[in-house]
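Predicted model only: the values in this text are computed from it and were never measured. Side chains are part of it too, since the values below use all heavy atoms of this structure and drop only hydrogens, waters and symmetry mates.
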Amino acid sequence: MTERAVATGTPARAPIGWQVGRLVERRVETPNAHTLVLEVPDWPGHLPGQHVDVRLTAPDGYQAARSYSVAGPAVDGPGGPRIELTVQRVPDGEVSPYLIDVYGDGDPVEIRGPLGGWFIWRPEETAPVQLLAGGSGIVPLMAMIRARRLAGSRVPFRLLYSVRSPRDAIYGDELRRRVRDDFGLDVAYVYTREAPEGWRGEPHRIGLADVNTHGWPPDLEPLTYVCGPTGFVEAVADLLVALGHPSRRVKTERFGPTG
């Protein structure tokens, strides 16, 4: 898995070189996903959907780098801007187990970014937005949801989130609050292995009926963002095109098996 997380804020400038960020806060999202709040003094700002490279260096000089979306807006801290990365543990990975199990308060890590200019949402957009996430693919899409609220946007958002079970839903509590408090945001789930009590239907992979029911019709010309594992992204993109959505308005981001 190419690990990602997302943020928002001021329009991003050209990517900069490596700089040092330090951990100032950690939040446990699920048993296998943590949000890391990093203080990065020279952070230039970013847009929702952009990502960063994170690099670790061992005492013997060996280096490992992974890419993570920024998970939320940059905020001011006493030592400079702070950004959020949500990291999901990858079995046998090099970087994610360290960040989840070892990386401690005040510890440094190298950051490079912001990166990416395609898979972004700008708060000045006026078209309705549909977001389709598989697993940790929710991270850059959550950045867009948070950016919408921060900007006071009234653009309607619909999120369809596919997870294995309710306990695997990253940001589950926050999404419930935002559905209540963020006017114009709708959230629906597809459970692939274990559904909560009272959920209609059986666990299943996302299908045409799910996308048709919980998305926007093509004639509204929504902006569509799909993020998740490669198989999920390809299947959902095909469903959207089959429903009549122009491929040029369907932006996709996928992750692979590296951790």
Side-chain angles (χ1 to χ4, degrees), residues 2-29 33-89 93-124 136 138-152 170-171 174 253 255 258-259:
T2 297
E3 301 153 273
R4 291 289 175 92
V6 183
T8 69
T10 58
R13 299 193 295 268
I16 58 176
W18 293 101
Q19 56 182 305
V20 175
R22 294 185 182 274
L23 182 68
V24 295
E25 182 184 347
R26 175 188 297 271
R27 297 196 300 273
V28 177
E29 305 289 355
H34 291 193
T35 291
L36 310 178
V37 182
L38 305 178
E39 194 163 76
V40 188
D42 296 322
W43 187 248
H46 58 277
L47 292 168
Q50 290 189 295
H51 61 277
V52 300
D53 290 338
V54 174
R55 185 168 69 183
L56 304 176
T57 302
D60 63 1
Y62 174 77
Q63 294 183 323
R66 298 292 183 267
S67 182
Y68 294 90
S69 302
V70 189
V75 298
D76 291 330
R82 296 180 174 187
I83 63 171
E84 297 185 7
L85 310 179
T86 299
V87 177
Q88 185 173 52
R89 184 195 310 275
E94 289 186 307
V95 175
S96 61
Y98 174 85
L99 293 177
I100 289 177
D101 298 328
V102 180
Y103 189 50
D105 288 351
D107 287 351
V109 69
E110 289 184 282
I111 298 287
R112 181 172 63 186
L115 304 170
W118 163 250
F119 196 81
I120 60 173
W121 178 75
R122 298 179 183 275
E124 61 267 26
S136 61
I138 186 62
V139 179
L141 308 186
M142 191 65 180
M144 299 176 190
I145 291 171
R146 290 167 169 169
R148 173 185 181 270
R149 174 61 181 264
L150 185 66
I170 300 172
Y171 316 127
E174 181 179 349
E253 184 165 271
F255 50 75
T258 303

- Glu39 versus Pro41, closest heavy-atom pair with distance: O-CD, 3.7 Å

- Message: Could you tell me if the side chain of Val52 sits less than 4.5 Å from the side chain of Arg112, heavy atoms only?
- Response: no

- Note on the structure: One should read off an interatomic distance between Arg66 CZ and Asp53 CG, to the nearest 0.5 angstrom, of 10.5 Å

- Message: Looking at every non-hydrogen atom in both residues, tell me the closest pair between Gly21 and Val40 and how far apart they are.
- Response: CA-CG2, 4.1 Å

- Note on the structure: In terms of heavy-atom contacts, Gly77 and Arg82 come closest through CA-NE, 3.8 Å

- Query: At their closest point, which heavy atom of Gly116 faces which heavy atom of Gln50, and how far apart are they?
  - Reply: O-NE2, 2.7 Å

- Intermediate values then yes/no, side chain to side chain contact (heavy atoms under 4.5 Å, CB included), Trp43 and Gln19: CA-CA 9 Å; Trp43 187 248; Gln19 56 182 305; 4.2 Å; yes

- Message: Between Asp105 and Val24, does the side chain to side chain contact (heavy atoms under 4.5 Å, CB included) criterion hold? Intermediate values first, please.
- Response: CA-CA 6 Å; Asp105 288 351; Val24 295; over 6 Å; no

- Task: Identify, with sequence neighbours excluded, every residue that meets salt bridge (charged side-chain N to carboxylate O under 4.0 Å, His left out) alongside Arg149.
- Result: Asp182

- Message: If you compare all heavy atoms of Ile83 against all heavy atoms of Ala74, which two are closest, and at what distance to 0.1 Å?
- Response: CG2-CB, 4.3 Å

- Quick one: side chain to side chain donor-acceptor pair (under 3.5 Å) partners of Asp107, sequence neighbours excluded? none

- In this structure, NE2 of His34 is separated from CD1 of Ile170 (nearest 0.5 Å) by 10.5 Å

- Compare all side-chain heavy atoms of Trp121 with those of Ile145 and state whether any distance is below 4.5 angstrom. no

- Task: Calculate, to the nearest 0.5 Å, the distance between atoms CH2 and CD1 belonging to Trp18 and Ile111 respectively.
- Result: 7.5 Å

- Message: Quick test of your reading of the model: are Arg89 and Asp101 salt-bridged, counting only N-O distances below 4.0 Å?
- Response: yes

- Item | Any Val87 side-chain heavy atom under 4.5 Å of Tyr103 side chain | no

- Between Val37 and Leu23, is any pair of side-chain heavy atoms under 4.5 Å apart? no

- Query: Any side-chain heavy atom of Leu38 sitting closer than 4.5 Å to one from Val109?
  - Reply: yes

- Query: Going from CZ on Arg148 to CG on Leu150, what distance comes out if it is rounded to the nearest 0.5 angstrom?
  - Reply: 12.0 Å

- Message: Could you measure the distance from the CE atom of Met144 to the CG atom of Leu47? Nearest 0.5 Å is fine.
- Response: 10.0 Å

- Show your working on side chain to side chain contact (heavy atoms under 4.5 Å, CB included) between Tyr68 and Ser96 and close with a plain yes or no. CA-CA 10 Å; Tyr68 294 90; Ser96 61; 4.1 Å; yes

- Query: When you check the gap from the basic side-chain N to the acidic O, do Arg27 and Glu25 get nearer than 4.0 Å?
  - Reply: yes

- Message: Has Glu174 got a side-chain atom pairing as donor or acceptor with Tyr171's backbone, closer than 3.5 angstrom?
- Response: no

- Task: Considering non-hydrogen atoms only, spot the tightest contact between Arg26 and Ile100 and give its length.
- Result: NH1-O, 3.3 Å

- Taken to the nearest 0.5 Å, the spacing of Thr35 OG1 from Glu84 CD works out to 6.0 Å

- If we only count heavy atoms from C-beta on, is the Pro140 to Pro48 side-chain gap below 4.5 Å? no

